[in-house]
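Source: prediction; values computed, not measured. A, B, ... follow the sequence lines: proteins, then strands. Residue 1 opens every chain.
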Protein chains: 4
Amino acid sequence: MGGALRNDAREARRSAILRAAVEVFAERGYEDARMREVAERAGVADGTTYLYFQGKEALLVAILEENAKAFLKRARRDAGRQKDPGAKLRKVIERHLVSLESDRALAHVFQIELRHSRRFLRQVARGQVAEYLRLLQRIIAEGTASGLFRDDIPADVAARAVFGAVDELITSWVLADRPRSLAGQAAPLLRLIFGGLERRAGGSR
Amino acid sequence: MGGALRNDAREARRSAILRAAVEVFAERGYEDARMREVAERAGVADGTTYLYFQGKEALLVAILEENAKAFLKRARRDAGRQKDPGAKLRKVIERHLVSLESDRALAHVFQIELRHSRRFLRQVARGQVAEYLRLLQRIIAEGTASGLFRDDIPADVAARAVFGAVDELITSWVLADRPRSLAGQAAPLLRLIFGGLERRAGGSR
Amino acid sequence: MGGALRNDAREARRSAILRAAVEVFAERGYEDARMREVAERAGVADGTTYLYFQGKEALLVAILEENAKAFLKRARRDAGRQKDPGAKLRKVIERHLVSLESDRALAHVFQIELRHSRRFLRQVARGQVAEYLRLLQRIIAEGTASGLFRDDIPADVAARAVFGAVDELITSWVLADRPRSLAGQAAPLLRLIFGGLERRAGGSR
Amino acid sequence: MGGALRNDAREARRSAILRAAVEVFAERGYEDARMREVAERAGVADGTTYLYFQGKEALLVAILEENAKAFLKRARRDAGRQKDPGAKLRKVIERHLVSLESDRALAHVFQIELRHSRRFLRQVARGQVAEYLRLLQRIIAEGTASGLFRDDIPADVAARAVFGAVDELITSWVLADRPRSLAGQAAPLLRLIFGGLERRAGGSR
DNA sequence: TATGAATGAGGTTTCATTCAT
DNA sequence: GATGAATGAAACCTCATTCAT
């Protein structure tokens, strides 16, 4: 029947609401965002939002889940296409920077609104971050095992440090009035990270 | 004379309110924190809080300002006592880790509650962070100038990456159910950072 | 011909909705009853309910009207079959008790949900009650005229008192966790009512 | 200190809110009553209501509890002053009628709004009714024991029937456009009730 | 005729802040 | 200066009802 069409329409509407939420959350901040404005911008009635999402916080969760999952998928695929752990790490970090640079409103939400409360951070956001950290950690451990990376830095510490470095660059970019290209900062950032991780040529202290 | 005593009492009361705020913000989160609970815990009436601070957000600002300033002062003094830019950087990072590890409630507030909204982040919190970033950047630039650090990583990028790495370790520690000692993670973190910053012995790309 | 069949189907559907409403109103209470649940339980779509009834309150009205009318019809027929006003009154009261005891969900709705608001009570419910009160009053007046009942109690007061007594027994039964048979309480109730109404053998004060 | 005065002011304000609630509930019905109107009529701000009562339903509970308790107290005292069970019963019923006739808005709330939902009825209202029923039952049992009342009507059935009769007269009065004096209906009602309860002079079935 | 997705009005309650005492 | 009772703005969400298909 018209099921497929209906589903298309349904999916389109869902996307419209989600996109509207990203924009309103980015513009006003989560707390100051009004569900009415999300609905208006999505072109639906107030109540319609609640046919697609449980409530305001569920919108935030959905923004996180769907984008984080898509990112992780792409990052894993990128990494999977490389043999060398170094290349894998490079690709993942570049993907991270590029993904968020391509959608500033979404980056806003990811870097700031998704961290608005401890409860939310612990229950929701960190679940996706943990997943990402595990990916980084696995790649780094692989690099250490292959002799590429030094072995005196535990992979979990390294993974968090790498994530933190990338994350902070993105947050700066999000908060800046006149942001400098993120991709443009990838090269020095990668030099720093790889310099820190790679084994010294002549051996180090 | 009575003025001095009065001032002492006043100062003590102010401190009690501020400390109560740190604890309540850490326990409940900024949004869920109730001014009444802050007042109760400080042992004053609801209205008294407003004789010492403009309002709820002013408490958050005061927590930030006073602790950040004290930290920056100590960090600058620490750095000033060292000649070597490497030693300076090391001291500052260690001070950063130790300062927050010694007060978990305060660390909660610094890592999470102070970032609850874009407006607050831009108007307030980043002011102190910017100051800190400038300190890091100066030390790194000094290291580069002295030939200790490589010159193909702009000091501002390096400073943000270093800050992000440290910051993320602290956030993980704050959010962990069973946190591992922060100080214990300092050594590998410093190896990573210094590895990334220092010029290669034999020279590399 | 097909019309008759169609009408049968239509009538069946109408009944299903009405019955579903009785059950849902009894289980959840009128205010907490959801039209969706009524529709679900009747096996129709949300909107279909509105093809058979004007709305939620119209369902309540229909439950009242149809059952009250059927009850009144039976009560009048019962009474009509008796010559003696005493026997008439007895039959009507027994019919009242038995009718509601045979359908607890309906009794719930009659004793409680139909009285949920003054507006409803005045505009709707009392219309049927008034009818019933008139029947009681007529029988009692007849009893008084025939010398069976005492003449110092106005028939309208007596009718309301009798109705109230029966009504309260039913309400107690509806609200009780472990209700005792209503029919079983008919005998003492009737003794009380007839004792109150009947002329004293030797004349009283 | 000013504690007594403060308490007086507090009590006055509490009463004002409660009285406003009685009136608004009576005029609009519980569901259609707006807390704003209650506050306005009490001459306080919206939020003040919540300093004195937990919420809207708590107002209804308070109206019930306070008035029912006062009534029960008076009814028990009235009964206690009489020796004869018949006189006791008469006093209690008269008190019941008079109490509500003296405050029509309160009677509205008692006869209608307090019965608006099964949940409320079971959890709250019936608690007070049960108490009242027990009082009636005790008096009737006493009358039976003393040989005044017939022994073939269980006291609990009699108590409910009596309550129901009185209750229905009051409800009719509350709903009537041009109500006839309740006190004026007391005499025939009492004749009916006592006729029903009292032992027959010459003995009957 | 039946469907069920969409509509949108509407109100209780919380809590930061004020201010009379 | 300290108190704490009073203030009142403000928004999420539900659900009866509608109407395009």
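- Stem regions annotated for DNA chain E: E:2-21 with F:2-21, counting only runs of 3 or more consecutive pairs of Watson-Crick or G-U type with both contacts under 3.5 Å.
- Summarising the geometry, the separation between CD on B:E40 and P on F:dA5 is reported as 12 Å, rounded to the nearest angstrom.
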Self-check item: B:E40/B:R36 under salt bridge (Lys or Arg N to Asp or Glu O under 4.0 Å): CA gap, chis, key distance, verdict
Solution: CA-CA 6 Å; B:E40 258 173 25; B:R36 171 154 302 168; 5.5 Å; no
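- Within the nucleic acid shown, B:Y52 comes within 4.0 Å of sugar-phosphate atoms alone, with no base atom in reach, counting heavy atoms only.
- Of all nucleotides listed (E:dA2, F:dC12, F:dA6), E:dA2 comes nearest to the side chain of C:T48.
- Between the C:R115 side chain and the D:I112 main chain, no donor and acceptor come within less than 3.5 Å of each other.
- Among the heavy atoms of the strands, none lies under 4.0 Å from D:A39.
- Under 4.0 Å is where a charged nitrogen must lie from a carboxylate oxygen, and between B:D32 and A:R118 no such pair does.
- Between the CG atom of C:D46 and the C1' atom of E:dA2 there is a distance of 12 Å, rounded to whole Å.
- For C:L51, whose side chain is taken as the heavy atoms from C-beta onward, the closest listed nucleotide among F:dA16, E:dA2, F:dA2 is E:dA2.
- Of the listed nucleotides (E:dT1, F:dG8, F:dC12), F:dC12 has the atom at the smallest distance from the side chain of A:R34.
- Checking F:dG1, F:dC12, E:dT3 against every side-chain atom of A:M35, the shortest atom distance belongs to F:dC12.
- Across all strands, C:G47 comes closer than 4.0 Å to base atoms (heavy-atom distances).
- Nearest heavy atoms, B:M35 versus B:Y50: CE-OH, 3.6 Å.
- For the pair C:K69 (side chain) and C:Q128 (backbone), a donor-acceptor distance under 3.5 Å is absent.
- Between E:dG10, F:dG1, E:dT3, one nucleotide has an atom nearer to the side chain of C:A45 than all others, and that is E:dT3.
- Rounded to a whole Å, the CD atom of D:E31 is 12 Å from the C1' atom of E:dG11.
- Here the side chain of C:Y50 is nearest to one of F:dT17, F:dC13, E:dT17, namely F:dT17.
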